[in-house]
Amino acid sequence: MKMIDFRSDTLTKPTEEMRRLMYEAEVGDDVYGEDPTVRRLEERAAEMLGHEDALFVTSGTQGNQVALLTHCRVGEEIILEADAHIFLYEGAGPAALGGIQLHTVAGTAGVLSVDDVRKAVRDENDIHQPRTRLICVENTHNKAGGRVIPVEKLRELYLLARERSIQVHMDGARLFNAVVASGTSAQEYGEYVDSAQICLSKGLSAPIGSVLTGSKEFITEARRWRKRLGGGMRQAGVIAAPGLYALEHMVDRLEDDHHNAKKLAQYLGSIPGLQVNVDAVETNILMCDITASGLSNDAFQEKLTEAGVRASNFGEGIIRFVTHRHITAEDVEETYSRLSGVLKGLTVIK
Ligand SMILES: *Cc1c(COP(=O)(O)O)cnc(C)c1O
């Protein structure tokens, strides 16, 4: 039985073409600024976001942490959504590395409301309060189920930030999923943030790496932080080459992943005991609520194993399914048929 693995789009392996480009990549010592392939990737990413410059980093987490450390000083504060990746899944990096405080604000479908953020911004004239230095947004929002930030919402936040001399960072690990789903270009999104982190290694299928974009001055300082964190890489062209290919050739196909996620949502939602908000599935992530099945997450995972399907625990009663390049339309059909089988006869809790 073929294992159908929905745990993450990070499972995607490099294509044949990517492997060829890795082999042929022209390289140099990137810490000396002499790797032409890394430079090309950085220039292309900057251009796509409409930013002045960019920095190739080892991972999305490193890109976000370098960004926060570059924007903020010790004792300053960042406003971000309560379920943000930076808050939940980056090892308390801002506290551990930068003495930076996080101020969470609950959003709707992963999107912060400008009124809530306005209330959360500290009074800069009150010496008791931390200084609000940065607002972070996540596009698409992972924990909210791959939700897209509408560009108008981002613009409102950006205008507020400008008014209060606050910077905006976008955790765009899946920015290109947002681009494909919304029709808003990366450049339009880029216009309303000061920095952005984009992952090459998720749905775009590159083996490694992220790019951080921003102003020339910001990237110069970010380069120092990357080095300090041990992220200065030498002949990194071998991993930048597939990353560049990912930006040029792997964006449009994300549409297939979105289509498959939507279809899977419809199928799963039709199985008694499972609930999926099909309308909330905008990109390649779907959150399946298993509460009514009466099964614990562990018991549900056992059913999945029996069916040769893998997905992730995302908190009590929630299982996350992510579609990606190695999940075909047939795999979605097959998943439905296998899961209907192993979940048959459940007593559904009303
Ligand atoms: C995956 C992810 C990251 C981190 O990327 P890594 O390359 O795994 O470190 C950051 N933010 C979001 C929203 C993500 O989904």
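First listed ligand is number 1; within each ligand, the first listed atom is number 1. Everything quoted here is computed from the prediction, not taken from an experiment.
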Just wondering, are more than 12 heavy atoms of other shown residues or ligands nearer than 6.0 Å to CD in Glu16? no
So is Lys202 polar-close to ligand 1, meaning N/O to N/O under 3.5 Å? yes
Does the pair Glu334 and Arg338 meet the rule for a salt bridge (charged side-chain N to carboxylate O under 4.0 Å, His left out), with working shown? CA-CA 6 Å; Glu334 178 68 17; Arg338 290 188 200 171; 2.8 Å; yes
Atom 5 (O) of ligand 1: closest protein heavy atom, distance to 0.1 Å, is Gly60 CA, 3.3 Å
With nothing but distance in play, are any N or O atoms of Asp171 less than 3.5 Å from an N or O of ligand 1? yes
Between Thr70 and Glu221: side-chain donor-acceptor atoms closer than 3.5 Å: no
Quick one: which of Lys202, Arg174, Arg320 gives a salt bridge (Lys or Arg N to Asp or Glu O under 4.0 Å) with Asp9? Arg174
Any heavy atom of Gln62 sitting closer than 4.0 Å to ligand 1? no
For Ser210 and ligand 1, answer yes if some heavy atom of the residue is under 4.0 Å from a ligand atom, otherwise no. no
Have a look at ligand 1 and work out which part of Ser59, if any, has a heavy atom under 4.0 Å from it: side chain, backbone, both or neither. both
Separation between CZ of Arg40 and CG of Asp35, rounded to the nearest 0.5 Å: 10.0 Å
Taking a cutoff of less than 4.0 Å between a non-hydrogen atom of the residue and any ligand atom, is Arg174 in contact with ligand 1? yes
